[in-house]
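Just so you know, these numbers come straight off a predicted model, no measurement behind them. Order of the sequence lines fixes the chain letters, A, B, ..., with proteins taken first and strands second; residue numbering starts at 1 for each chain.
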Protein chains: 2
Amino acid sequence: MHTVAARAGVSIASASRVLNGVGGSAETIRKVRAAAAEVGYVPNAIARSLQSQRTGLVALAVEDIGNPVYVAMMRAIESVVASSGRQLLVHATGGRIDNETALLRRLANRYVDGMIISPIRVTADHLAALVDSPVPVVVVGQLGADAPVDNVRTDSRHGVALAVDHLVAGGRRRIGFVNGPLDTVPGAARDAGFRAALARHDIPLDEDLVEVGDFQYAAGRAATERLLARTEPDALLCANDLIAVGALHALLAAGRRVPEDVALVGMDDTELARMMFPQLSSVSLGSAERGRRAAELLLQRIADPALPPRREQVPPGLVVRASSAGPSPTADRAPTAGEPLTAGEAGQPAPPAPRPSTDPLAGPITDPFAGPAGPAPTHPSSEGASS
Amino acid sequence: MHTVAARAGVSIASASRVLNGVGGSAETIRKVRAAAAEVGYVPNAIARSLQSQRTGLVALAVEDIGNPVYVAMMRAIESVVASSGRQLLVHATGGRIDNETALLRRLANRYVDGMIISPIRVTADHLAALVDSPVPVVVVGQLGADAPVDNVRTDSRHGVALAVDHLVAGGRRRIGFVNGPLDTVPGAARDAGFRAALARHDIPLDEDLVEVGDFQYAAGRAATERLLARTEPDALLCANDLIAVGALHALLAAGRRVPEDVALVGMDDTELARMMFPQLSSVSLGSAERGRRAAELLLQRIADPALPPRREQVPPGLVVRASSAGPSPTADRAPTAGEPLTAGEAGQPAPPAPRPSTDPLAGPITDPFAGPAGPAPTHPSSEGASS
DNA sequence: TTGTACGCGTTATCAG
DNA sequence: CTGATAACGCGTACAA
């Protein structure tokens, strides 16, 4: 800038003004522009930030950038953030809480203008660090109590209920559940939702049907193998799609047919669910939508830090695909009215015509219990809102 | 810092020295430390950067952060970068070249200390922007000629050859090829490799067996459907794993058995290959290793910008799994005894029965042409979840 | 409109 | 060892 000003024969203040588009006579503008172009001037973002107190950077902290659900969320956030002229800084926390608190602490050095964080474990001082963060923070996920923090959540308990309702409606009674760690917020919420949903259907819970691993493929597979070694489910609900893929492999390797012998439902409704064969039914928790909303909340707060804390909720929905389509063949009941006539009975000769439900090209089948496709309305009555 | 110094009764210079661990008498250190703790002093990273001319940020630009191959690369890079105390800034370019050049131009504002970029298209001025970048840049991928840019590459032509050799050794002759765009660097290299490999085996190339889409799942599926509509391959090589998953779905939906009717091989050897059923054979291009090496090159260059340009090469390998295991059944082989029906309702093609070699639990089978088993599976990543 | 001068928060230099 | 002071590069009151 100094050299530009010298070259244009003006003061650095005039040069700065022209380059920022404020003020300047026609002649000055011309000279400065020319000089800047000649020397290939590019403003130093650091110095600019020191002056403006804003970096134009927004951070996103999730535990695993490899999980497709976070990829979806990240894309949505990046889209919003980029369209505001900012850049996105991505952190992988690994779910380790010390890692996250360190991140929050580092926030104080003002390297980012704001942060979106999706913690899976929340402790007291974690929460404390959140509320008195020196820069705006938006939390994606359940946050105990009504902490004064911008927060976008979904009702995963209700999401679990949607899945259980669907399975029960298909005649399944021995519904297994492969969950993530119970000391995580999503793990605890799903566990509670599962137990509540079974109770609502007067189905006694057989603890043999419940397994816990972590939220990954390998753990999901191992947990399912343990479960299959001791009992015989006719359906399996998995706490996320990665687990569901692991469960699918365990089931197929054990000779179970999906969905005939065991219906399978995942959660998060990621790309992965559509990429499996058979395609996986999955509970959509609106991850992209939550990301989008979180990004918007953050940008608003950056613009006006005095805003009161806000909380938004994205309703879950159930997307039924081949892995849980059709009633259980063991169920001796007439198909429920409204149940899509998709499933052929085992042993029935195959109609040559491709049927929508099993063709991977076909779109998702909407569950009769879930209402119209996409997010379904919430049931605050039957399901508690927060953890 | 000003208030800390005042509170400690020393000059800001002394405070700075103590907080940076250089110099200071025992008494001064005590006073400054106490004062800093009292006011909860946190150094301002921007001001520090303005002075030190380094931000501690490193950028990574890839086409699609949702592609598992880039996730693997990203993880490897993040690991190296984080262990040097820096942070990783991730950009999704969408493969649009204007996007990348804009990114390179913005590099001039000094917001990052260096950048790793994996371009899939390279033009002349793109290359020019690369070579006279104001900050260190390392390129992952083929770079035409011997541009004076740090560069980590693999030999994807050789990788394609490994796959073709393997398929031919299994008795396959009508080998199809589903590629990405030919105007991309990887697309062109794979195409050339495929043609060369066939020629080496004296197999005439039937253009009906070649299809082109982009490097995504949906395009891979559509391309495979087009291919199947006009000809009958006994093997399919796909330019990456996302395409291979799309091809798998197209094959199964068309009633082809994998690998009995059509052997399937992907490229990149991502997690996705292991998550499919049957598990996909895939050409490992060492993406994690290339990422690791690129990060190390970048850190070295940041430390010493005077270093001469370096080029490293990571050899490809073939990981054989169920999707291409065993010889072609058309080569005289008795059908397997009693394949149990596994998944799928009537009309839905069932995935192959879990034979020992296809058990997803089993480790990859080493291809005789590939030498020792490919790179170890990705490190145990953090758990995945959602809320 | 233009130029001077100060401040953003730190670190580094140089006398004392 | 310590303190005053000059950068770092830019934006912007303020006065001319």
### A:Ser52 vs A:Arg54, side chain to side chain donor-acceptor pair (under 3.5 Å): CA-CA, chis, key distance, verdict
CA-CA 5 Å; A:Ser52 65; A:Arg54 319 190 306 103; 5.1 Å; no
Please state how far atom [atom1] in [X] lies from atom [atom2] in [N], giving the value in whole angstrom units.
X        : N      : atom1 : atom2 : value
A:Leu50  : D:dC10 : CG    : P     : 12 Å
A:His2   : D:dC8  : NE2   : P     : 10 Å
B:Ile12  : D:dG3  : CD1   : C1'   : 9 Å
A:Met1   : D:dC8  : CE    : P     : 14 Å
B:Asn109 : D:dC10 : CG    : C1'   : 13 Å
A:Arg54  : D:dG9  : CZ    : P     : 22 Å

### Distance test, side-chain N/O of B:Ser25 to OP1/OP2 of D:dT2, below 4.0 Å
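The answer is yes; a side-chain N or O of B:Ser25 sits under 4.0 Å from OP1 or OP2.
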#### Entry: Contact under 4.0 Å: B:Arg17 side-chain N or O vs D:dT2 OP1/OP2
no
Roughly how far apart are [X] [atom1] and [Y] [atom2], rounded to 0.5 Å?
X        : Y        : atom1 : atom2 : result
A:Thr101 : A:His126 : OG1   : NE2   : 7.0 Å
A:Ile97  : A:Asn99  : CD1   : CG    : 10.5 Å
B:Arg301 : B:Glu296 : CZ    : CD    : 14.5 Å
B:Glu312 : B:Thr154 : CD    : OG1   : 12.5 Å

### Task
Look at all strands and tell whether B:Val42 reaches a base, only sugar-phosphate, or nothing, counting heavy atoms closer than 4.0 Å.
sugar-phosphate
### Query
Heavy atoms under 4.0 Å, any strand shown: does A:Val22 hit a base, just sugar-phosphate, or nothing?
nothing
### Task
Examine distances only and state if a side-chain atom of A:Arg310 and a backbone atom of A:Leu297 form a donor-acceptor pair shorter than 3.5 Å.
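Confirmed, A:Arg310 side chain pairs with A:Leu297 backbone.
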#### Entry: Nearest-nucleotide pick for B:Ser14, side chain only, options being D:dG9, D:dT2, D:dT5
D:dT2
### Query
Nearest to the side chain of A:Pro43 - D:dC10, D:dC8, D:dG3?
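Among D:dC10, D:dC8, D:dG3, the one nearest the side chain of A:Pro43 is D:dC10.
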### Query
Toward the 5' end of DNA chain D, which comes first, B:Gly24 or B:Gln51, by nearest nucleotide?
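Per heavy-atom nearest nucleotide, the more 5' residue is B:Gly24.
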### Task
Describe, as an angle rounded to 10 degrees, how the axis at the first end of the helix from C:dT1-D:dA16 to C:dG16-D:dC1 is tilted relative to the axis at the last end, five pairs per end.
50°
### Query
When you list every nucleotide of DNA chain C with an atom under 4.0 Å from a heavy atom of chain A, which one comes first 5' to 3', and which comes last?
C:dT1 to C:dG9
### Task
Answer yes if the side chains of A:Tyr111 and B:Ser49 hold a donor-acceptor pair under 3.5 Å, and no otherwise.
yes
### Task
For the pair B:Glu27 and B:Arg30, find out whether any cationic side-chain nitrogen is under 4.0 Å from an anionic carboxylate oxygen.
yes
### Query
Are B:Arg292 and B:Glu289 ion-paired here, with the side-chain N under 4.0 Å from a carboxylate O?
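Salt bridge: yes.
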